[in-house]
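To keep things clear, I will list the structure first and then write my remarks on it.
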Amino acid sequence: MGNSPIRTPARVCEFYSDSAWIEGRAVEQLHDVADWAGMRAVAAFPDLHPGRFGPVGGAFLADRIYPQLIGPDIGCGMALFRLDLPRRKLKLDKAARRLQALETGADPATGAAAIAGTDAARFGPYGLGTLGGGNHFCEVQVVDALADPTVASRLGLQAGDLCLLVHSGSRGQGAAVFSGIAETWNDGFAPGSDAAETYVALHDAAQVWARTNRALIAEGAAEALRCDARLICDAPHNHLERRADGWLHRKGAAAPDRGLAPLAGSRDSLSYLMAVPDGPPEALGSVSHGAGRRYDRAAMHGRIPRVKSELEAMRQTRFGGRVICTDRDLLIEEAGSAYKDTGAVLRDLETFGLAEEVAAFAPLITFKTSREGRR
DNA sequence: ATGTTC
């Protein structure tokens, strides 16, 4: 008999139907992570897809801390705001032009004031109010339909209202924390160890910074559109949460905010606001944050011809909206066809009792980047 | 993901 502890793989609960688009490689990753030391429970959602260190679209409860399960964008999340701007006053071309102000971000004094006295102050204001790249965006949406008028009215939401959905995170801050500990995280950190304490403190600070970043992006967008933005909910989906029964890692799985979470669609599909009930304990208090990738970035370059007409078509959505993205590679990688069907993801979540649709939102202006000469 | 990657 050796002295190594008996290890049983964590229980894996998959909250998606047989018809869900789930890559085999993502399921392999899911079971691989379930076998890591100290892993207690794993939940996977219908947006599950392969990631760099493990699958995206899952929650992982462990009695060790694995920074690679959070990834570089610590604190990344989706925040939904209501804009007090009548739809008839939104002129798409003019508004899209004005949103270019988002490239600048918050001015340093505003940024510094926003993080003063918080954990995030250690990182400083550089980059606050900026979106970053990849799948991040700031989108003006219109409430398309109310599935639950009672909840919607409690939130002050009516059909035809304008909203803003912001997807961003901790920019260079979380990335620096993550790369700073590279090579040391392989077997995870034992809670209470120096490495764990240091990581958790930096993680918590990056999470505050990321949430502040989303608020400042919304402020910047509202200022550009000459209106105010009121927060409806802000649900992070890349983070670590200390629970009584262990350390909960969420990777592309949302922690609902006051029982609410956005489900991002964007480009060619509607987005949703979900009411998230307590749900089964096996779901680990988590829910999908978006449609999830159907094809990885490299695959998209083979699927979309790089001809002018195709690229121009991708700057309009099927809802008559605009996509502001001057980076051609990014435009291709983030095409609507790169993502699963958001409606199918939502139906699976509802079937398993993880969410109830409150409202659906159509994209009007999807702001990605307006910088010239990238890549 | 990234005050971008030798």
Side-chain angles (χ1 to χ4, degrees), chain A residues 26 29 47 49-58 60 66-79 102-112 115 120-138 166-183 185 199 202-214 216-217 220 235-240 249-254 264 266 289-293 295-298 300 325-334 338-339 367-375:
Chain A
Q29 287 186 330
D47 52 338
H49 58 280
R52 169 88 174 81
F53 299 100
V56 182
F60 310 87
Y66 289 99
Q68 62 271 53
L69 283 183
I70 310 303
D73 196 1
I74 299 165
C76 187
M78 296 275 177
L102 289 173
E103 295 291 6
T104 314
D107 81 75
T110 306
I115 52 174
R122 68 192 296 162
F123 293 131
Y126 182 87
L128 276 174
T130 62
L131 279 166
N135 53 5
H136 293 172
F137 61 82
C138 172
V166 176
H167 180 194
S168 189
S170 53
R171 307 288 281 103
Q173 319 305 336
V177 170
F178 190 63
S179 63
I181 55 168
E183 316 301 326
W185 64 51
Y199 175 73
L202 290 167
H203 162 281
D204 291 353
Q207 193 175 17
V208 173
W209 199 99
R211 191 183 291 269
T212 308
N213 189 33
R214 289 187 287 277
L216 290 176
I217 290 166
H237 55 245
N238 286 347
H239 71 154
L240 183 66
H249 306 66
R250 290 190 178 91
K251 179 60 176 172
S266 179
H289 76 289
R293 274 202 168 270
Y295 300 115
D296 66 30
R297 290 168 187 285
M300 287 308 292
C325 184
T326 49
D327 181 330
R328 286 178 181 77
D329 287 330
L330 189 57
L331 188 66
I332 287 168
E333 291 161 7
E334 293 294 311
Y339 287 89
F367 190 88
K368 299 281 291 174
T369 181
S370 59
R371 265 182 225 274
E372 300 299 335
R374 298 181 81 226
R375 282 208 255 184

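Numbered from 1 within each chain, the chains take letters A, B, ... in sequence-line order.
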- Message: To check you understand the geometry: which heavy-atom pair defines the closest contact between V166(A) and C138(A), and what is its length?
- Response: CG2-SG, 4.2 Å

- Close approaches to DNA chain B from residues 124-132 of chain A, in residue order (heavy atom, under 4.0 Å): Y126(A), G132(A)

- Item | Spacing between Q173(A) atom CD and dT4(B) atom C1', to the nearest angstrom | 15 Å

- Reckon R52(A) touches a base, only the sugar-phosphate, or nothing at all at heavy-atom distances under 4.0 Å? nothing

- Considering only heavy atoms from C-beta outward, does the side chain of D47(A) approach that of Y339(A) to under 4.5 Å? no

- Query: For H49(A), what residues pass the side-chain contact (heavy atoms from CB on, under 4.5 Å) criterion, not counting sequence neighbours?
  - Reply: V56(A), R293(A)

- Where along residues 203-214 of chain A does a heavy atom come under 4.0 Å from DNA chain B, residue by residue in number order? none

- Query: Which part of the nucleic acid does G172(A) contact within heavy-atom distance under 4.0 Å: base, sugar-phosphate only, or nothing?
  - Reply: sugar-phosphate

- Note on the structure: Those residues at least two apart in sequence (or on a different chain) that pass salt bridge (charged side-chain N to carboxylate O under 4.0 Å, His left out) with K368(A) are E334(A)

- Between CZ of F178(A) and C1' of dT5(B) the distance, given in whole Å, is 16 Å

- To the nearest 0.5 Å, how far apart are CG in L240(A) and CD in Q207(A)? 8.5 Å

- Query: Quick one: side-chain contact (heavy atoms from CB on, under 4.5 Å) partners of A264(A), sequence neighbours excluded?
  - Reply: M78(A), F137(A), L165(A)

- Query: Are R250(A) and H239(A) close enough that a side-chain donor and a side-chain acceptor fall under 3.5 Å?
  - Reply: yes

- Note on the structure: Residues at least two apart in sequence or cross-chain that pass side-chain contact (heavy atoms from CB on, under 4.5 Å) with F53(A), listed by chain then number, are Q68(A), F178(A), W185(A)

- Value in whole Å for how far the P atom of dT2(B) lies from CD of E333(A): 13 Å

